[in-house]
Amino acid sequence: MKKPNWKRLLPQRLRYRLFGAFVVLILLPFSALNVYNYQQIESLVEQKISEQSHEQLVQMYRSLEDQMSIAFKTLIFLEQDSAVRNVLTSPDHRSSLENKSLVEEKFKMINNSFFLYNPSVYFTLLDFDDSVYTSYLPKQALAYAPHLEQFRERLGEITLTKGGAELPPLEPEELTYRWDARDPNPVLRELSSSPYLLSLYAYMKDSGGKRYGLARISIDYSYWFQTMLKDSQSNQEYFLITGRGETIARSTKTAMISPEVTREISLHPAEAYLTDPASSTLINYVYIESLDWYMVNRIPLSILFTEISELKRRYFLTFFGFTGAFVLMAFMISATFTRPLSHLQNQMKEVVRRNLKIRIPEGRSRGEVLELTRTFNTMLDDANQMIIRLKAEERQKEAVHFHMLLAQMNPHFLLNTLNTMKWSAIRSGNEEISEMCVSLGKLLEVSLNSQVELVYLKDEIELVQAYLHIQRIRYRDSFEVTCEFDHKLEYALVPKLSLQPLVENAIHHGVGPLEQRGQICIRIYRYDTAKLMLEVADNGIGMEESRRLQMSRTRPGIGLSNLRERLRLLFKGQSELEVMNTHPGTLVRFSIPFLLSTPYVQKRSD
């Protein structure tokens, strides 16, 4: 499958590239940065408004707690009032009208009290002798039995006896009071329109713990809720929601909150606010744990971000207006130098079509384009002169290449090999000559291949073995060669014919002149993980004696110098070659970067 050429999608002309670079490198990042900054500003505004709204909800929550605290203090006041206790415990000492008048007077006194005053609180007292006292006008005529039953249910005791029977003493674990957040409202609608009240149900006890009556102190939380919201902003909505998601109070009759939002609030009661994408509103809430209520405030996001949205709109209109003007000016400016460049490009194509035989006219060019035209014409003149020289040198290169091929082999080595082949043929037939020809063929094939500079270590070892096969026959097996290397290194890359000249020197100048059997050791190993060390050591006559014997040679040796130069060109100063006297013998060592090139083996499919 042909790979897609993505470069074709890039603009080819300079002006479009300038425009594309401006869009990709400046316009898009700057726009993204501004959008991100505005989002951060909106988040900060949303968080700040949420904190303020949450603080207001906390204040309302504390106000409700104060209402509940006043109700509890009122209960304690009534419980400790001796006149009220006397009416409830001994209703026969006075007439029913006197008892009613005395209790109602206590209710009025509470309502006139500075510390206990609460206009949205209603009182109901029951004794155990069929008497009920209230601070309000009920919707229906009072009936003692239903009231007593209702009190029993709210306090969780269903088996209480009716009448003046003495109740059992209060146990420590028994419930003596309870809050009811869904108490049906018994008050006339002219006084309270709320369907439910928040009521505190409790037993009234004397100092000995004996119960002598029941009390209900009810708070009209709808009236309290509306009173708290008188000074609130009209663009915000407030709700009281039960833990089951039922709305029990709201700031306006038309205000509604979706079941999805109430469900989300109930799942995260500890959080302070959330955003409702469906209604585009910011919702803040406070959880009232004692009542399992949520006090909720809802603010439309459009109100929060109206000014920011208008500022954003004006900013981006201005930004894109200036951007459009800038792009237009950029096109106009780029056209002033891209048009002459296009003309120059067409003329250059014509020059190429005519094989550099014409010159570009300079009359219509100005400024940098004129300098470019003159430089191009000068380049044409230089190119034509270079072509003339290249044609003259081409013939010389062919001759030089032929001589280079001949110079790749050592003439002395070829002569010695041919002499060895001749005497071997006279002595023992063609078998040795055949083997020598194979070894010589390997060496010739590698030396003539000038396109490959690095080979596998295992291939270099095979070339050395081929060379040694020839030299063993020549020197009548007068030396022994060992090769030590880890087989994990056989695919390491080494310079071609780098070990052969070292082994050749070890034979000719080291162990060759010895009368006893010579020893040559080839060692290859890794050093410091990044280096590959190659060593050739012998027990020959040594460097000093070898130099003395070479004084009579007419041509100096070039093996080590050539290898040192090849290493310098191949590895750019990352290789070293050193020759050391080992007494006896000589050690030649060179290091190169460790390069491992394991060949790819394709798995056969079953």
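Keep in mind it's a predicted model, so treat the numbers as computed, not measured. We count residues from 1, following the sequence as given.
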Has the side chain of [X] got a donor or acceptor atom that lies under 3.5 Å from a matching backbone atom of [Y]?
| X | Y | answer |
| --- | --- | --- |
| Lys458 | Ala492 | no |
| Tyr287 | Gly243 | no |
| Arg523 | Ala537 | no |
| Ser575 | Phe571 | no |
| Arg517 | Asp477 | yes |
| Asp528 | Ala530 | no |
| Ser266 | Thr262 | yes |
| Thr281 | Ile283 | no |
| Asn37 | Leu33 | yes |
| Glu460 | Leu499 | yes |

Search all heavy atoms of [X] against all heavy atoms of [Y] and return the closest pair with its distance.
| X | Y | answer |
| --- | --- | --- |
| Pro29 | Val24 | CD-O, 3.1 Å |
| Asp276 | Ser258 | OD2-OG, 4.4 Å |
| Leu489 | Leu457 | O-CD2, 3.3 Å |
| Met543 | Thr586 | CG-OG1, 3.5 Å |
| Asp538 | Thr582 | O-OG1, 4.1 Å |

Between atom [atom1] of [X] and atom [atom2] of [Y], what is the distance when rounded to the nearest 0.5 Å?
| X | Y | atom1 | atom2 | result |
| --- | --- | --- | --- | --- |
| Arg566 | Phe590 | CZ | CZ | 9.0 Å |
| Ile520 | Thr482 | CD1 | OG1 | 9.0 Å |
| Leu577 | Ser561 | CG | OG | 10.5 Å |
| Glu264 | Thr275 | CD | OG1 | 10.5 Å |
| Lys496 | Leu454 | NZ | CG | 10.0 Å |
| Gln500 | Gln471 | CD | CD | 8.5 Å |

*Heavy-atom count around Glu289 CD within 6.0 Å, excluding the residue itself: above 12?*
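Atom CD in Glu289 is not packed in, count stays at 12 or less.
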
*Does CD belonging to Glu576 count more than 12 external heavy atoms closer than 6.0 Å?*
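No, the 6.0 Å shell around CD holds no more than 12 heavy atoms from other groups.
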
Any non-hydrogen side-chain atom of [X] less than 4.5 Å from a side-chain atom of [Y]?
| X | Y | value |
| --- | --- | --- |
| Leu493 | Tyr456 | yes |
| Val511 | Ser478 | no |
| Leu274 | Tyr285 | yes |
| Val481 | Val503 | no |
| Ile299 | Asn284 | yes |
| Leu560 | Pro501 | no |
| Glu484 | Cys521 | yes |
| Val286 | Tyr294 | no |

*Report the C-alpha distance between Tyr467 and Ile507 in whole Å, list the side-chain angles of each, state the deciding distance to 0.1 Å, and finish with yes or no for side chain to side chain contact (heavy atoms under 4.5 Å, CB included).*
CA-CA 11 Å; Tyr467 173 77; Ile507 295 174; 4.1 Å; yes

_Verdict with supporting geometry, Thr375 and Met379, side chain to side chain contact (heavy atoms under 4.5 Å, CB included)_ = CA-CA 6 Å; Thr375 305; Met379 184 185 67; 5.6 Å; no

*Applying salt bridge (Lys or Arg N to Asp or Glu O under 4.0 Å), which residue pairs with at least one partner in residues 583-596 are found, sequence neighbours left out?*
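Counting only pairs at least two positions apart or across chains, the salt bridge (Lys or Arg N to Asp or Glu O under 4.0 Å) contacts touching residues 583-596 are Glu535-Arg589, Glu578-Arg589.
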
*asked:* Test side chain to side chain contact (heavy atoms under 4.5 Å, CB included) on Leu532 and Ser591; report intermediate values, then the result.
replied: CA-CA 6 Å; Leu532 185 67; Ser591 64; over 6 Å; no

*Please walk me through it: do Leu570 and Glu453 pass side chain to side chain contact (heavy atoms under 4.5 Å, CB included)?*
CA-CA 8 Å; Leu570 283 174; Glu453 289 294 343; 3.8 Å; yes

*How are the rings of Tyr475 and His508 set to each other: parallel, tilted or perpendicular (split at 30° and 60°)?*
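Tyr475 and His508: tilted rings.
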
